[in-house]
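Comments concern the structure below.
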Amino acid sequence: MVGKLITFEGIDGCGKSTQARLLYDNLKRISTKCILTREPGGSKGAEEIRKLLVTGTSNRWSAETEILLFTAARRDHLERTISPGLRDDKIVISDRFFDSTKIYQGAARSDLVELAETLHHLTIKLIPNLTFVIDMEPKRALKRGLDRFSGEDRFEEFGLNFQKKLRAGFIELTKKENKRCHLINGDNDPQKISKEIFQIYSDHSNG
Ligand code: TMP
């Protein structure tokens, strides 16, 4: 595999999807071969699993079942979208990846980091080359997320304290894996954030 996997992470409503799209647009502009994809989803089967995960009541699945479902969706996404893209020397930009499972299911919903990591190691293995964690104050992010009325609010329904735990988890991740993960202040103007991200990407590619 010769391409690169770049992931965007963060709490619900933090603006990471906008930033993933802006990086994709910037790379296209300079004729870089790239794919924009997302999790859960990014392939036909994984999009079907997505519907099960993001709709319905918050207690629809246990954290253990969620880890299995997210990992199943990821495996299909990997087989059908990510790996072919990397083999074709593309930059694959994914709006969420394994860090979300580790933080949402592993750390914030319960104490299951080991299970999430073991399953990842056994069935996915891939680690992103670069990860942007968009940080935002949870109250603001939650309001932005809910104001979209996307009909995919299952995780927002866990409430503000859950979002606070997620934020702490993501910040800790960027400290532990500070070579791969970059913490970005999501409160800035989206264009300004996008420039900062593009600069980090360029430094990474040239380094
Ligand atoms: P999205 O809103 O970024 O499209 O993601 C859908 C929801 O799924 C979001 O609330 C985060 C959650 N999620 C997890 O809980 N674990 C995961 O592994 C992934 C990929 C997403």
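We count ligands from 1, going down the list as the structure has it; atoms in each ligand are counted the same way.
The nearest protein atom to atom 14 (C) of ligand 1, hydrogens excluded, is given as F70 CZ, 3.1 Å; this is a heavy-atom distance. Distance from atom 6 (C) of ligand 1 to its nearest protein heavy atom, with residue and atom name: V54 CG1, 3.6 Å. Among all non-hydrogen protein atoms, the one lying nearest atom 10 (O) of ligand 1 is D12 OD1, 2.5 Å. In terms of protein heavy-atom proximity, atom 18 (O) of ligand 1 is closest to T101 OG1, 2.5 Å.
Heavy atoms of R74 approach ligand 1 to within less than 4.0 angstrom.
Hydrophobic clustering keeps L69 apart from F98 (ILVMFWY residues linked when any side-chain heavy atoms are closer than 4.5 Å, directly or through intermediates). In the hydrophobic clustering of this structure, F132 groups with I91; members are Ile, Leu, Val, Met, Phe, Trp, Tyr whose side-chain heavy atoms approach within less than 4.5 Å, directly or through other members.
If you check each of R96, R148, R154, Q105 against atom 5 (O) of ligand 1, the one with the closest non-hydrogen atom is R96. Of the listed residues (R50, E39, E152), the one carrying the non-hydrogen atom nearest atom 4 (O) of ligand 1 is R50.
Contact annotation: the side chain of I127 approaches that of R180 to within less than 4.5 Å [non-hydrogen atoms, C-beta and beyond].
With rounding to the nearest 0.5 Å, the separation of CZ in R38 from NZ in K16 is 9.5 Å. How far CG of N26 is from NZ of K195: 10.0 Å, rounded to the nearest 0.5 Å.
Annotation: salt bridge (Lys or Arg N to Asp or Glu O under 4.0 Å) contacts of E196 (sequence neighbours excluded): none.
Counting atoms of ligand 1 from 1 in the listed order, those under 4.0 Å from a heavy atom of K16 are 3 (O). Near F155, meaning under 4.0 Å from any of its heavy atoms, are these atoms of ligand 1: 7 (C), 8 (O), 10 (O), 12 (C), 15 (O).
Contacts between E66 and ligand 1 below 4.0 angstrom, taking non-hydrogen atoms only, are absent altogether. Under 4.0 Å from ligand 1, not a single heavy atom of R38 appears.
Partner of D99 under the side chain to side chain contact (heavy atoms under 4.5 Å, CB included) criterion, chosen from T174, V133, L173: L173. Looking at R96, R50, H77 one by one, the single match for side chain to side chain donor-acceptor pair (under 3.5 Å) with E39 turns out to be H77.
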